[in-house]
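We number each residue from 1, following the sequence as shown. Worth saying up front: this structure is predicted, and the values here are computed from it rather than measured. Reckoned from all heavy atoms, side chains included, excluding hydrogens, waters and symmetry mates.
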Amino acid sequence: MYNMKHSRFMFVILILIGLVVGLISPVWTEELTYLPKTASSLIAADPSVCYTFALMIMCVFVAYLCAGDMKEKVINYEVLSGHSRAGIYFSRTILTVIFTTLFSMILSLIPVIVSGVIYGWGNTMEFKYAILRLLCCAFPYMRLAAFMCFLAFWAKKATGVMVWGYIAYMFGTLFASRGEGSPYLLTFKNVMALMSFNVRSVYNISMEKGIIYYSKYLSEPEPGLIGKTILASLVITVIYLLMGYGLFRREDLN
């Protein structure tokens with residue numbers, strides 16, 4: 001909590017990225033061609049606008065929340081003051097995971113909110129299912145934050161978390177784009193599975209306007225998608241946190 005309150009740069013990054021996403025959202029919406037210019041059409045046509053910035057900037061949040069004071073070895077003084085290593089580790093990492101997930105969800109919701117306020121939701125897809133899918137992205141975000149907490153206790157400095165976290169983001173997006181394997185093993189593939197919508201398209205011919213396309217996106221989640229996402233994310237989050245604790249528990253403080 002102390003690190004969060006004093007990491008002003010982290011909040012500056014959050015605000016700046018939020019402003020960029022908010023300002024670009026109307027531009028993205030205006031570029032829609034075959035769909036109505038609405039918030040639901042924006043999510044349907046390019047759902048990556050909701051999660052790309054969140055995944056890319058997550059390493060900054062973890063770096064400042066979890067590893068912001070590791071360079072000064074503040075954690076050593078906590079151990080020397082009599083606090084247990086388990087208490088130090090889990091209080092630091094659990095709060096980091098919670099707040100990182102929260103900040104990432106804020107970035108994910110900004111395009112929907114901004115486009116919804118300006119253009120309305122529309123009827124390209126059902127609101128409740130689309131928002132349910134978007135909110136469920138919090139679980140993959142959570143496990144990625146836990147993985148970066150592991151990186152924090154491995155690298156032991158904020159810059160290391162940001163560098164290795166960005167490398168993980170690049171490789172994650174690369175493997176996710178290949179479309180192979182289970183969608184629940186990687187954060188990126190899981191988020192893409194949650195935000196992928198099947199579509200039914202028909203068209204009509206008008207003497208004045210030519211071919212008119214109509215698209216209806218099926219936003220209701222597939223059976224088992226949400227349940228498997230939650231279960232896989234919780235299990236993998238625990239594994240990453242235990243891996244990080246294993247590093248910290250055996251570390252010789254110096």
Side-chain angles (χ1 to χ4, degrees), residues 43-44 47-63 65-66 86 89-90 92-109 112 125-126 128-154 161 164-198 217-248:
I43 299 176
S48 65
V49 301
C50 293
Y51 57 79
T52 298
F53 284 98
L55 292 173
M56 183 171 58
I57 208 68
M58 191 178 293
C59 58
V60 176
F61 300 144
V62 176
L65 286 173
C66 190
Y89 174 81
F90 287 107
R92 184 180 290 247
T93 54
I94 289 175
L95 282 177
T96 297
V97 169
I98 291 173
F99 284 113
T100 299
T101 303
L102 176 62
F103 294 151
S104 300
M105 284 305 303
I106 291 173
L107 291 179
S108 295
L109 290 169
V112 182
M125 66 176 69
E126 294 185 67
K128 62 179 180 180
Y129 290 129
I131 296 301
L132 175 62
R133 284 173 175 261
L134 185 56
L135 292 177
C136 284
C137 290
F139 292 95
Y141 290 169
M142 177 180 65
R143 67 166 136 163
L144 183 59
F147 171 70
M148 292 185 180
C149 286
F150 164 75
L151 290 180
F153 279 86
W154 174 68
V161 178
W164 286 106
Y166 187 71
I167 292 174
Y169 166 79
M170 295 298 295
F171 276 97
T173 53
L174 176 63
F175 286 119
S177 63
R178 298 177 63 181
E180 300 175 358
S182 171
Y184 306 105
L185 294 179
L186 288 176
T187 296
F188 305 88
K189 294 186 71 172
N190 204 163
V191 172
M192 290 174 65
L194 284 170
M195 298 304 294
S196 296
F197 307 95
N198 295 323
Y217 285 78
L218 307 179
S219 53
E220 184 174 359
E222 298 82 359
L225 174 62
I226 292 178
K228 291 178 182 178
T229 294
I230 294 174
L231 179 61
S233 297
L234 292 175
V235 170
I236 295 173
T237 296
V238 171
I239 291 173
Y240 284 146
L241 291 179
L242 291 178
M243 287 170 57
Y245 178 63
L247 285 177
F248 180 55

Would you mind writing out the side-chain donor-acceptor pairs for residues 165-175 within the sub-3.5 Å range, not counting sequence neighbours?
| residue | atom | partner | partner atom | Å |
| --- | --- | --- | --- | --- |
| Thr173 | OG1 | Tyr169 | O | 3.1 |
| Thr173 | OG1 | Met170 | O | 2.8 |

Item to complete: List for me each residue that meets side chain to side chain contact (heavy atoms under 4.5 Å, CB included) alongside Val235, sequence neighbours excluded, and say none if there are none.
Response: Leu231, Ile239
Worksheet item: Which pair of non-hydrogen atoms, one from Ala130 and one from Met125, has the smallest distance, and what is that distance?
Response: CB-SD, 3.4 Å
Worksheet item: About how many Å separate CD of Glu126 and CG of Leu132, when rounded to the nearest 0.5 Å?
Response: 11.5 Å
Worksheet item: Does any non-hydrogen side-chain atom of Tyr217 lie less than 4.5 Å from one of Ile43?
Response: no
Worksheet item: At what distance, to the nearest 0.5 angstrom, does CE of Met195 lie from SG of Cys136?
Response: 10.5 Å
Worksheet item: Which value, rounded to the nearest 0.5 Å, describes the distance between Cys50 atom SG and Leu109 atom CG?
Response: 8.0 Å
Worksheet item: Heavy atoms, side chains only, cut-off 4.5 Å: are Leu144 and Val62 in contact?
Response: no
Worksheet entry | Under the ring-ring contact (aromatic ring centres under 6.0 Å, His included) test, residues paired with Tyr129 that sit two or more places apart | none
Discussion item. Over 60° means perpendicular and under 30° means parallel, so tell me whether Phe248 and Tyr89 are parallel, tilted or perpendicular.
Written reply: parallel
Practice prompt. Measure the spacing between CG of Leu241 and CZ of Phe150 and express it to the nearest 0.5 Å.
Written response: 11.0 Å
Worksheet item: Sequence neighbours excluded, which residues qualify as ring-ring contact (aromatic ring centres under 6.0 Å, His included) partners of Tyr240?
Response: Phe147
Worksheet entry | Rounded distance [0.5 Å steps], SG in Cys66 versus CZ in Phe61 | 14.5 Å
Item to complete: First locate atom CG of Leu186, then atom CE of Met192, and finally report the distance between them rounded to the nearest 0.5 Å.
Response: 11.0 Å
Worksheet item: For Tyr141, what residues pass the side-chain hydrogen bond (donor to acceptor under 3.5 Å, both in side chains) criterion, not counting sequence neighbours?
Response: Ser108
Discussion item. Give me the atom names and distance for the closest heavy-atom approach of Ala193 to Pro183.
Written reply: CB-CB, 3.9 Å
Just distance, no hydrogens or angles: give the donor-acceptor pairs under 3.5 Å from side chains in residues 96-106, sequence neighbours left out.
| residue | atom | partner | partner atom | Å |
| --- | --- | --- | --- | --- |
| Thr96 | OG1 | Arg92 | O | 2.7 |
| Thr100 | OG1 | Thr96 | O | 2.7 |
| Thr101 | OG1 | Val97 | O | 2.7 |
| Ser104 | OG | Thr100 | O | 2.8 |

Fill in: With sequence neighbours excluded, residues passing side-chain hydrogen bond (donor to acceptor under 3.5 Å, both in side chains) with Thr187
none
Item to complete: Any pair with a residue in residues 134-150 that passes salt bridge (charged side-chain N to carboxylate O under 4.0 Å, His left out), sequence neighbours left out, goes on the list, sorted by first then second residue, please.
Response: none
Item to complete: Kindly indicate, with the supporting measurements, whether the criterion side-chain contact (heavy atoms from CB on, under 4.5 Å) is fulfilled by Phe153 and Thr93.
Response: CA-CA 10 Å; Phe153 279 86; Thr93 54; 3.7 Å; yes
Give the table of side-chain donor-acceptor pairs shorter than 3.5 Å for residues 221-230, with sequence neighbours excluded, one pair per line with atom names and distance.
| residue | atom | partner | partner atom | Å |
| --- | --- | --- | --- | --- |
| Glu222 | OE1 | Arg133 | NH2 | 3.4 |
| Thr229 | OG1 | Asn190 | ND2 | 3.0 |
| Thr229 | OG1 | Leu225 | O | 2.7 |

Discussion item. If you define the side chain from C-beta out and look only at heavy atoms, does anything of Phe53 sit under 4.5 Å from Ile57?
Written reply: no
Item to complete: Would you please name every residue forming a side-chain hydrogen bond (donor to acceptor under 3.5 Å, both in side chains) with Ser196, sequence neighbours left out?
Response: none
